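Take a look at the structure below.
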Amino acid sequence: SISQSKPTAEQRSEFYQVKAAAVVKWLSARQPVDAISISDCEAYHSHLKAKYAQWTVYHYITTLRVLLDCAIKVGIV
């Protein structure tokens, strides 16, 4: 059996930075951020589903949720 090593902290960080950059690009096209609707998020989810595997979509949507949560905490949204 082939053993797979766990990703390093640096690799995990890079993985999430790529996802965050893509989500921020999507969010940036929808200014102001507080105008983003549920329909916008559903359309983004559908776009991702057409392009990526289920777990990749999950990671993108999780990243979107975290970024929106942070925006709410700092008063952007």
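All values reported here derive from a predicted model rather than from experimental measurement.
In the hydrophobic clustering of ILVMFWY residues, with side-chain heavy atoms under 4.5 Å counting as a link, V23 and V74 come out together. Hydrophobic clustering places I72 together with I61 (ILVMFWY residues linked when any side-chain heavy atoms are closer than 4.5 Å, directly or through intermediates).
Between the side chain of S28 and the main chain of V24, a donor-acceptor pair closer than 3.5 Å is present.
Taking CD1 of I36 as the start and CH2 of W26 as the end, the distance is 5.0 Å to the nearest 0.5 Å.
R65 and D69 are joined by a salt bridge, as a carboxylate oxygen and a charged side-chain nitrogen come within less than 4.0 angstrom of each other.
Taking Ile, Leu, Val, Met, Phe, Trp and Tyr as members and joining any whose side-chain heavy atoms lie under 4.5 Å apart, directly or through other members, V18 forms no hydrophobic cluster with any other residue.
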Anything under 3.5 Å between a donor and an acceptor, one on a side chain of residues 41-60, the other on a protein residue two or more places apart or in another chain? List them.
from, atom 1, to, atom 2, distance (Å)
S46, OG, E42, O, 3.2

